[in-house]
Trainee: 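First the structure, then my questions, so here it is.
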There are 2 protein chains.
Amino acid sequence: MQNTGSIASENFIKTIYHFQLGAGKDTRPGSIAKELGITNAAATDMARKLSQKKLIEYEKYKALKLSKSGERMALNILRKHRLWETFLHQVLGLSMHEIHREAELLEHLTSDFLADKINDYLGNPATDPHGDPIPNVDGTISMDEKSFPLHEASVDQRYMVSRLSGSDKEFFDFCHSNKIFVGSKLNVNKQYSNNKMTEIEVDGARLILNDNFSNRIYIKKDN
Amino acid sequence: MQNTGSIASENFIKTIYHFQLGAGKDTRPGSIAKELGITNAAATDMARKLSQKKLIEYEKYKALKLSKSGERMALNILRKHRLWETFLHQVLGLSMHEIHREAELLEHLTSDFLADKINDYLGNPATDPHGDPIPNVDGTISMDEKSFPLHEASVDQRYMVSRLSGSDKEFFDFCHSNKIFVGSKLNVNKQYSNNKMTEIEVDGARLILNDNFSNRIYIKKDN
DNA sequence: ATATTTTTTTAAGCTTACTTAAATTAAAAA
DNA sequence: TTTTTAATTTAAGTAAGCTTAAAAAAATAT
């Protein structure tokens, strides 16, 4: 399909996509504007333009919603982003906190042709290094419904880490030094609900995480 | 050093760099404009802007010349371009005629950090798949003075292919099917100067090339 | 040397992607 | 319900990177 959009509009579309999925965040202009570091006025303006191009559905004072072709575009960019992250990590050895930054740029100037080559080289991977699903070339994406953040877990159950969300060094350094990787097994010992903390046991060690970390570690039941 | 320039200005700077080296081509606005597919007016305008940023030296009605910092910028982009070409060819298996097209895009959104990672992965390669030198991280570049196009070669001498210039499929298909690669040995049998043709012998086969191809195959004495 | 052609430059205008400031509408609080 | 606050939209303006058209300068031909 190959994107024709500019970098600015690609990032705009991408942000709407993420906010439509991510709970808690609305897709009104101000919300998108804040994320992208532009003014509300600029976001409204962009909304009007993308609406003309039929990439979003937009009525004044309403939330923004991707159209079918807008969603296809978002998934095409997301595919490139996650293929690059996987490639940069697995092949070039970039750290978890470095891959997002670089993929964020490369995704915009990557042809469908090149994306396919990267995909082939990696053996058609299902997920990126964070555990996020890589959209397929046909614009489908497999959602992992059974995955949820650590601080929502019930106590005394065995889980597997399914996803590590984010891009800051501190978080991934913590995960690394405590052997928390995508695929790691762990046990949830206790939920300190009032203090928003979770005690887990991983690789023989007990750790107490506050929700700053625990809401970015996604897990699923380990069967 | 990390470029701050836009894609348009990076391509402009790059073109001046190539034209300053490449014999026959001048660096006046019209020449650059033609190469980039923009109008003379746009080229003059860009010249004025880049001159303000001290990236080129420019006086009205004169040829454009890169400043020291403009040249550093050009070499930084060229480094990324040639590292990508090498990587795409050697690692992802893209064909000779495909790598330029992709590198032409990626070079603009590649951080110095990532360029270094690619360089390390490839083992600090001296040349790209065309045989062109890859600029060093410090902005130096080793010029191969002894290399020249096939149609300038003296007869009955043994040569080595040092460079294959261009990006069209037809040329590289021809080279491939006749075993003409960077590093191939060949003999020049005869120069048909009037008809601008060169007869060579490579891998046991005799070939007659017209200057469309022979001026893009660079050779050097095989010692 | 003069006339013609070509190139370069300037000027005015367009689109994209922003900005700030003011006006409008919607949402929340009193 | 009315007032206040917050978000959204419109309006006007900017910079980049182009365009076409006209003017100016340089190069070429006669």
Side-chain angles (χ1 to χ4, degrees), chain A residues 2-16 19-20 24-66 70 73-74 77 104-105 107-109, chain B residues 2-17 19-20 24-66 69-70 73-74 77 104-105 107-109:
Chain A
Q2 198 70 30
N3 300 325
T4 48
S6 65
I7 293 179
S9 47
E10 286 188 5
N11 282 331
F12 201 90
I13 293 282
K14 243 179 44 179
T15 304
I16 299 173
F19 282 20
Q20 276 185 356
K25 279 165 180 164
D26 66 77
T27 60
R28 286 175 305 173
S31 182
I32 310 290
K34 198 174 177 188
E35 171 73 14
L36 293 173
I38 59 178
T39 59
N40 288 6
T44 299
D45 200 53
M46 182 62 94
R48 202 178 35 75
K49 284 175 189 165
L50 295 179
S51 177
Q52 277 170 2
K53 292 178 186 160
K54 309 276 183 201
L55 290 166
I56 67 172
E57 288 160 28
Y58 166 62
E59 283 172 274
K60 284 206 287 192
Y61 301 103
K62 298 279 171 60
L64 313 184
K65 192 176 171 303
L66 289 181
M73 184 168 160
I77 304 163
E104 199 71 1
L105 298 174
E107 61 184 6
H108 300 295
L109 290 182
Chain B
Q2 199 68 29
N3 300 324
T4 48
S6 65
I7 292 178
S9 47
E10 286 188 5
N11 282 331
F12 201 90
I13 292 282
K14 242 179 45 179
T15 304
I16 300 173
Y17 178 86
F19 282 20
Q20 277 183 355
K25 279 165 180 162
D26 67 78
T27 60
R28 285 176 306 172
S31 181
I32 310 291
K34 199 175 177 186
E35 172 73 14
L36 293 173
I38 58 177
T39 58
N40 288 6
T44 299
D45 200 53
M46 182 61 94
R48 202 178 36 74
K49 282 174 190 166
L50 294 180
S51 176
Q52 277 171 3
K53 292 178 186 159
K54 308 279 183 198
L55 289 166
I56 66 172
E57 290 162 26
Y58 166 61
E59 283 173 273
K60 284 206 287 192
Y61 301 105
K62 297 280 172 59
L64 313 184
K65 192 176 172 303
L66 290 181
S69 68
M73 185 169 162
I77 304 162
E104 200 71 1
L105 298 174
E107 60 184 6
H108 300 295
L109 291 182

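Just so we're on the same page: letters track the sequence lines, and every chain starts at 1.
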Trainee: Taking side-chain contact (heavy atoms from CB on, under 4.5 Å) as the definition, give me every residue that meets it alongside B/Glu57, ordered by chain and number, with sequence neighbours left out.
Mentor: B/Lys65, B/Ser67

Trainee: Rounded to the nearest angstrom, tell me the gap between atom CD1 in B/Ile38 and atom P in D/dT19.
Mentor: 7 Å

Trainee: Does B/Ser6 make a side-chain N or O approach to OP1 or OP2 of D/dA16 shorter than 4.0 Å?
Mentor: no

Trainee: Once you round it to whole Å, what is the distance between C1' of D/dA7 and CD of A/Glu35?
Mentor: 18 Å

Trainee: Expressed in angstrom and rounded to an integer, what is the separation of A/Met46 atom CE from C/dT16 atom C1'?
Mentor: 8 Å

Trainee: Please determine, for C/dA30, whether a Watson-Crick or G-U wobble partner exists with both distances under 3.5 Å, and give it or none.
Mentor: D/dT1

Trainee: Over how many whole Å does the gap from B/Asn11 atom CG to D/dA16 atom P extend?
Mentor: 17 Å

Trainee: I need the CD1-P distance between B/Ile7 and C/dT16, as an integer number of Å.
Mentor: 17 Å

Trainee: Counting only pairs under 3.5 Å, give me each side-chain donor-acceptor contact of residues 35-44 of chain A, with atom names and distances, residues two or more places apart or in other chains.
Mentor:
unit_1: A/Thr39; atom_1: OG1; unit_2: A/Ala42; atom_2: N; d: 3.2
unit_1: A/Thr44; atom_1: OG1; unit_2: A/Asn40; atom_2: O; d: 3.1

Trainee: According to the salt bridge (charged side-chain N to carboxylate O under 4.0 Å, His left out) rule, which pairs have a member within residues 37-46 of chain A, sequence neighbours left out?
Mentor: A/Asp45-A/Arg48, A/Asp45-A/Lys49

Trainee: Tell me which pairs pass salt bridge (charged side-chain N to carboxylate O under 4.0 Å, His left out) where either residue lies in residues 5-16 of chain A, with sequence neighbours left out.
Mentor: A/Lys14-A/Glu104, A/Lys14-A/Glu107

Trainee: Give me the distances for all protein-to-nucleotides 3-10 of chain C N/O pairs that come in under 3.5 Å?
Mentor:
unit_1: C/dT8; atom_1: OP2; unit_2: B/Gly30; atom_2: N; d: 2.8
unit_1: C/dT9; atom_1: OP1; unit_2: B/Tyr58; atom_2: OH; d: 2.8
unit_1: C/dT9; atom_1: OP1; unit_2: B/Tyr61; atom_2: N; d: 2.4
unit_1: C/dT9; atom_1: OP2; unit_2: B/Thr44; atom_2: OG1; d: 3.0
unit_1: C/dT9; atom_1: OP2; unit_2: B/Tyr58; atom_2: OH; d: 3.2
unit_1: C/dT10; atom_1: OP1; unit_2: B/Lys60; atom_2: NZ; d: 2.7

Trainee: Taking atom P of D/dA15 as reference, at what distance in whole Å does atom CG of B/Leu50 sit?
Mentor: 17 Å

Trainee: Report yes if the side chains of A/Asn11 and A/His108 come closer than 4.5 Å at any heavy-atom pair, otherwise no.
Mentor: yes

Trainee: Could I get the full list of side-chain contact (heavy atoms from CB on, under 4.5 Å) partners for B/Ala47, not counting sequence neighbours?
Mentor: B/Ile56, B/Tyr58, B/Leu64

